[in-house]
Protein chains: 2
Amino acid sequence: MQLAQTCEPAYRAPRPAPAPPLHTLETEFPTTPRTPRCSDCSLRALCMPPDLTAQQLAKLDAVICSTRSLKRGDVLYRTGDTFQSIYAVRSGSFKTVLMHRDGREQVTGFQIAGDALGLDGVCAGRQNCDAIALEDSVVCIIPFAQLEAVCREMKPLQQHVHRLMSGEIVRESSQMMLLGTMTAEQRVATFLLNLSTRLKARGFSSAEFNLRMTREEIGCYLGMKLETVSRMFSKFQRENLVNTNGKTIRIVDPDGLAQL
Amino acid sequence: MQLAQTCEPAYRAPRPAPAPPLHTLETEFPTTPRTPRCSDCSLRALCMPPDLTAQQLAKLDAVICSTRSLKRGDVLYRTGDTFQSIYAVRSGSFKTVLMHRDGREQVTGFQIAGDALGLDGVCAGRQNCDAIALEDSVVCIIPFAQLEAVCREMKPLQQHVHRLMSGEIVRESSQMMLLGTMTAEQRVATFLLNLSTRLKARGFSSAEFNLRMTREEIGCYLGMKLETVSRMFSKFQRENLVNTNGKTIRIVDPDGLAQL
DNA sequence: CGATTGATTGATTAGAGTCAAAGCAGGTGG
DNA sequence: CCACCTGCTTTGACTCTAATCAATCAATCG
């Protein structure tokens with residue numbers, strides 16, 4: 001078993017996690033115990049509060065002691081699964097999908113390296129959506145009960161978890177605004193700029209990247225049909241705002257996009 | 001100064017808070033210190049974890065020691081305000097509104113008795129939206145730093161706060177699904193059923209109630225224009241699903257509404 | 001009681017959805 | 001190594017839902 005195997009660099013962490021796992025415990029899923037160490041993870045600035053002492057980091061390392069590798073299309077968790085852990089994306093990317101009985105689907109988010117997954121499960125003790133890998137990916141597994149215990153004795157971590165959850169609330173609010181008030185054109189532009197910003201924060205190019213999701217998944221996230229997404233991409237191409245070639249995106253005129 | 005003065009009973013707590021305040025401290029806003037007591041609040045089951053001891057409740061009473069009364073249209077907090085407290089609606093109701101520079105507005109939620117307000121401010125230390133009273137209302141003020149301190153020593157409260165925030169994430173996800181996948185007709189039906197359910201959980205009739213928001217505010221919440229909201233109400237009236245008369249709503253056929 | 005705000009309804013329009021066809025890319029197996 | 005799938009994307013033609021514009025009506029409030 002190996003860590004992330006993606007060939008395109010866009011979504012991979014700048015410095016990939018170093019050592020291959022020493023052991024593999026076969027539980028329900030293949031996980032690699034004792035591999036990850038927050039203390040020397042390149043994504044720490046994204047996942048963790050900035051002001052932890054070495055001693056506090058060690059405590060965290062004791063909690064976050066396993067990872068899980070997924071292939072493209074693999075399900076990290078499914079609606080209704082018992083909630084036990086949250087996850088941090090270490091490499092790769094995911095989508096979270098909410099399903100209605102009648103077949104309607106809504107993609108509620110795309111998560112890339114450094115993002116958290118599973119916070120919606122805290123509420124009812126069961127996962128509230130499906131999380132699916134968009135490419136071969138690795139997540140850190142964070143048992144939530146243990147995290148809560150550490151939070152009770154480590155104020156900065158407690159505050160960090162609160163900010164994390166609040167940040168998810170804020171993110172979803174602005175997605176509600178996108179869905180409620182923007183035209184198709186504005187939604188697609190906002191989506192591209194938002195992704196660009198997040199990739200930049202992770203050390204990637206903000207101008208050129210590869211989409212890991214299909215037009216259908218983008219449409220499902222933005223509340224429109226895949227044909228409309230495609231038309232908007234073509235429109236941006238014509239207007240020299242973006243260069244699109246399949247999944248390859250180059251943002252030519254970010255200001256122009258923002259002004260739509 | 002008196003507690004909630006609304007004349008229509010629909011949104012008022014079944015047993016209104018008993019004692020008028022003894023003192024009034026004039027800080028920035030009129031607040032009533034030492035009035036509320038979680039330990040004998042009729043909304044406790046909604047706001048608080050169910051399994052607290054008397055001693056634990058006393059600790060809480062020490063934190064949540066003031067309320068604030070607002071008139072219809074008053075602003076509880078505004079985007080950009082320094083975040084210090086979250087709020088629990090004691091009586092009355094609110095809307096939260098997200099604004100875009102270009103004038104677009106999205107109502108992100110309606111809060112009634114027992115609901116929490118302000119959790120989106122934790123993330124950045126500033127409020128992320130405006131919260132405005134839809135009628136004369138009273139909120140409990142919960143200083144967040146103190147709440148965090150108590151959470152560190154009281155596991156059930158910690159878990160409750162986590163569930164509260166996660167619940168907000170879940171609520172917003174399903175609103176994203178509503179905005180992304182439903183027709184205008186389905187959105188309005190879902191809105192009415194959802195409000196009905198929440199009122200029922202607070203001891204009110206699920207069949208008949210008064211809307212405290214305008215058609216425009218409803219539209220702004222559901223991602224449509226006020227005329228469309230009005231047309232859907234008229235349609236439901238014709239189809240004998242709902243009786244509407246201005247702000248008075250009677251749900252005649254909840255199953256019919258749910259099947260749209 | 002007039003003025004203002006909110007609600008309803010109608011006529012028309014625009015934007016996105018639907019249906020359909022064709023092109024492209026990547027992967028598989030002969 | 002090539003041919004053929006299969007799944008994804010693009011584009012076009014047409015349809016339909018909800019937005020826009022406009023007029024009227026009802027309720028509320030100084």
Side-chain angles (χ1 to χ4, degrees), chain A residues 5-8 71-73 95 103-107 132 134-136 178-189 191-192 210-239 242-249 260, chain B residues 6-8 71-73 95 103-107 132 134-136 178-192 210-239 242-249 260:
Chain A
Q5 277 294 356
T6 51
C7 44
E8 289 168 282
K71 294 207 176 306
R72 188 182 134 96
K95 64 171 176 178
R104 277 181 292 115
E105 285 188 20
Q106 176 72 27
V107 170
I132 295 161
L134 295 175
E135 60 188 306
D136 294 359
L178 178 144
L179 292 167
T181 72
M182 291 189 187
T183 64
E185 184 183 50
Q186 293 172 319
R187 293 180 205 193
V188 176
F191 167 72
L192 289 176
N210 289 302
L211 297 174
R212 288 299 146 84
M213 61 294 280
T214 65
R215 302 291 191 261
E216 175 155 38
E217 287 164 333
I218 295 171
C220 205
Y221 178 57
L222 298 178
M224 66 186 75
K225 293 294 154 184
L226 68 99
E227 293 96 328
T228 307
V229 176
S230 181
R231 280 184 238 274
M232 292 307 143
F233 279 178
S234 303
K235 191 156 180 269
F236 293 162
Q237 179 89 264
R238 277 197 303 277
E239 294 167 352
V242 171
N243 266 348
T244 61
N245 183 9
K247 308 242 183 207
T248 307
I249 299 283
L260 296 176
Chain B
T6 53
C7 45
E8 290 168 283
K71 295 208 177 305
R72 187 181 134 97
K95 64 172 176 178
R104 279 181 289 116
E105 284 188 21
Q106 177 71 25
V107 171
I132 295 160
L134 295 175
E135 60 188 306
D136 294 359
L178 177 144
L179 291 166
T181 72
M182 292 187 185
T183 64
E185 184 183 50
Q186 292 172 321
R187 293 181 206 194
V188 175
T190 303
F191 167 72
L192 289 175
N210 289 302
L211 298 175
R212 288 297 147 87
M213 61 295 280
T214 65
R215 301 291 190 262
E216 175 155 37
E217 287 164 334
I218 296 172
C220 204
Y221 178 57
L222 299 178
M224 66 185 74
K225 294 292 154 185
L226 67 99
E227 294 96 326
T228 307
V229 176
S230 182
R231 280 183 236 274
M232 292 306 142
F233 279 177
S234 303
K235 189 155 181 271
F236 292 162
Q237 179 90 265
R238 277 197 302 277
E239 293 167 353
V242 171
N243 268 347
T244 61
N245 183 8
K247 308 239 183 208
T248 308
I249 300 284
L260 297 176

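Throughout, a chain's letter reflects where its sequence line sits, starting with A, and its residues are numbered from 1. We use all heavy atoms of the structure for the numbers below, so side chains are in, but hydrogens, waters and symmetry mates are not. In this text, all values refer to a predicted model and were calculated from it rather than measured experimentally.
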ring-ring contact (aromatic ring centres under 6.0 Å, His included) against B:Y221, all qualifying residues, sequence neighbours excluded: B:F110
Listed partners of A:E185 passing side chain to side chain donor-acceptor pair (under 3.5 Å), at least two apart: A:K235
Non-neighbouring partners of A:K225 that pass salt bridge (charged side-chain N to carboxylate O under 4.0 Å, His left out), sequence neighbours left out: none
Stretch residues 217-229 of chain B: residues that reach within less than 4.0 Å of DNA chain C through a heavy atom: B:L226, B:E227
Taking every non-hydrogen atom, the tightest pair across A:Q106 and B:T181: OE1-CG2, 3.4 Å
Rounded to 10 degrees, the angle between the two terminal axes of the helix from C:dC1-D:dG30 to C:dG30-D:dC1, each from five pairs: 40°
Interatomic distance, A:F233 CZ vs D:dT11 P [rounded to whole Å]: 13 Å
Partners passing salt bridge (charged side-chain N to carboxylate O under 4.0 Å, His left out) against B:R72 (at least two apart in sequence or in another chain): none
Point-to-point distance, once rounded to the nearest 0.5 Å, from CE of B:M213 to CZ of B:F191: 4.0 Å
For B:T244, side chain to side chain donor-acceptor pair (under 3.5 Å) partners two or more places apart: B:Q237
Distance, rounded to the nearest Å, where A:M232 contributes CE and D:dT10 contributes P: 13 Å
Sugar-phosphate only, base, or nothing, as touched by B:S230 at under 4.0 Å among non-hydrogen atoms: base
Results of side chain to side chain donor-acceptor pair (under 3.5 Å) for B:Q186 - residues two or more places apart only: B:T183
Which atom of B:L260 lies closest to which atom of B:A189, heavy atoms considered: CD1-CB, 4.0 Å
A:L179 to A:R187 - nearest heavy-atom pair and separation: O-NH2, 3.2 Å
B:K247 and B:T214, any side-chain heavy atoms less than 4.5 Å apart: yes
Per-nucleotide protein contact string for nucleotides 23-30 of chain D (B base, S sugar-phosphate only, - none; heavy atom under 4.0 Å): --------
Which residues share a salt bridge (charged side-chain N to carboxylate O under 4.0 Å, His left out) with A:E216, sequence neighbours left out: none
Along DNA chain C, first and last positions that approach a heavy atom of chain B under 4.0 Å: C:dA7 to C:dA11
Touch class at under 4.0 angstrom, heavy-atom based, for A:T214 against every strand present: sugar-phosphate
Test salt bridge (charged side-chain N to carboxylate O under 4.0 Å, His left out) applied to B:E217 - qualifying residues, sequence neighbours left out: B:K95
